[in-house]
Protein chains: 2
Amino acid sequence: MENKENILKCALDLFYAKGYDAVGVQEIVEKAGITKPTLYYYFGSKYGLLETLLTTKFQLFSTTLRQAAKYDGDVAATLNRVAFAYVKCAMSNQKFYMLLMSMFYLPRENEAYKAVKPLIREFFFIIKKIFQDAKEQLGNMNHREEQFAVGFMGVINCYLIMICEQGEGKEIQITEDIIRSLVHQFMHGINS
Amino acid sequence: MENKENILKCALDLFYAKGYDAVGVQEIVEKAGITKPTLYYYFGSKYGLLETLLTTKFQLFSTTLRQAAKYDGDVAATLNRVAFAYVKCAMSNQKFYMLLMSMFYLPRENEAYKAVKPLIREFFFIIKKIFQDAKEQLGNMNHREEQFAVGFMGVINCYLIMICEQGEGKEIQITEDIIRSLVHQFMHGINS
DNA sequence: CAGTTTATATACCGAGCGGTATAATTACTG
DNA sequence: CAGTAATTATACCGCTCGGTATATAAACTG
């Protein structure tokens, strides 16, 4: 059991640094100080290792966001809650978050993309639902809920990635004020 | 010479679809209907092929943007010009644009990222310079020019990628109005 | 203690990787 | 037409890839 978690940790480090395709199984087991059969005993395949890594680590994001995304009649407040919860998750799991992002932008026929696709979709639906729930407040959106969802996540991710790059490793504070101004900027854009 | 361009075209198709790391040299030459030594005659290595592909195709983006980014005393107008020029370039070279984007989000230690890095930097400086030039109009930015540049490109890329995904292959119009509203949204955010 | 399950290592597999030595062919040049 | 330079193909290189057959330990279970 100790080995299993160690393998996951080493895999995250390497995938984060070089990308799934560029990392060999040999490299992972060497870093973990074990041998191949041990890895294959736990995960079955390199792809299985990636899937396990993603799904287990994604749990936290999923439950946290679901909680925050419960629409309470105030779009701005809900978006603020979600943004803050999201940023908090991302900043306390920077490597995993950056791995997720890099995989999200992978070409669509890439194998590794297929592993993140369901996560991204789940994610997307959580955000999209906010805008669907807020129809009476935002008015008829002409099926632009999806654009809003993409735009909202895009803005936040942009700033997050920028911050993750600037201070790699360092603990940087993203204050509630910054998030609020980000959300405000987004809201103003879609209202005008 | 005909072969050389054909190789570049096939490489773009494959890199775009699967990503640099996931495509083998064998696969490229088979698609191009030639053999390995021909590829190595022209490009020296797989990495060399990537570099040639990127630099040649990036020329258009670079010159077009440089032209559009000449600050004329009106930030909004300049940003609109740049955004429009950028969108036009991207939409008429969708595959290359998407390849660029996917490579931009690659992990920093990935080999292929090292090939796009200089292009991204060049790109970034062109945008950053707009904000530096506009100091008297925007006031003291407290060295936030970089954040503005990242944010500006981020917003546009978000929407572009969304559109590229929705209508892959189809020719979708992004009107000047949409771009203007995007720029306006961005401007309002940084002014308030 | 015997039997079984869990966990790990040694040693290996075929396939594909990026890359090349050599040679033949084609196209230009005197 | 001879000679040279530019292009292309055949056949191969060592290496790493993801993955596994087999054996052995260690840890539970009766």
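A note on names: the letters A, B, ... follow the listed sequences, proteins ahead of strands, and every chain is numbered from 1.
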Are [X] and [Y] within salt-bridge range, i.e. N to O under 4.0 Å?
X: A/Glu51; Y: A/Lys46; result: no
X: B/Asp72; Y: B/Arg81; result: yes
X: A/Lys135; Y: A/Glu145; result: yes

From [atom1] of [X] over to [atom2] of [N], roughly how many Å is that when rounded to an integer?
X: B/Lys4; N: D/dT8; atom1: NZ; atom2: P; answer: 11 Å
X: B/Leu14; N: C/dG18; atom1: CG; atom2: C1'; answer: 16 Å
X: A/Asn6; N: C/dA7; atom1: CG; atom2: P; answer: 15 Å
X: B/Tyr41; N: C/dA23; atom1: OH; atom2: P; answer: 19 Å
X: B/Ile7; N: D/dT7; atom1: CD1; atom2: P; answer: 12 Å
X: A/Tyr42; N: C/dT8; atom1: OH; atom2: C1'; answer: 8 Å
X: B/Ile34; N: C/dG19; atom1: CD1; atom2: P; answer: 14 Å

Does the ring center of A/Phe96 lie less than 6.0 Å from the ring center of A/Phe15? no
May I have all residue pairs that pass side chain to side chain donor-acceptor pair (under 3.5 Å) and include part of residues 23-37 of chain A, sequence neighbours excluded? A/Lys18-A/Glu27, A/Gln26-A/Glu30
Is there a path from B/Met187 to B/Val82 through hydrophobic residues (I, L, V, M, F, W, Y) whose side chains come within less than 4.5 Å of each other? yes
Restricting both atoms to N or O, compile the protein contacts to nucleotides 16-20 of chain D shorter than 3.5 Å, with distance only.
unit_1, atom_1, unit_2, atom_2, d
D/dG18, OP1, A/Val23, O, 3.4
D/dG18, OP1, A/Lys46, NZ, 2.9
D/dG18, OP2, A/Val25, N, 2.6
D/dG18, N7, A/Lys36, NZ, 2.9
D/dG18, O6, A/Lys36, NZ, 3.4
D/dG19, OP2, A/Tyr40, OH, 3.0
D/dG19, OP2, A/Lys46, N, 3.0
D/dG19, N7, A/Lys36, NZ, 3.1
D/dG19, O6, A/Lys36, NZ, 2.8

Verify the contact: side-chain N or O of A/Thr38 to OP1 or OP2 of C/dT8, cut-off strictly under 4.0 Å; return yes or no. no
Within less than 4.0 Å of OP1 or OP2 of D/dT7, is there a side-chain N or O belonging to B/Asn3? no
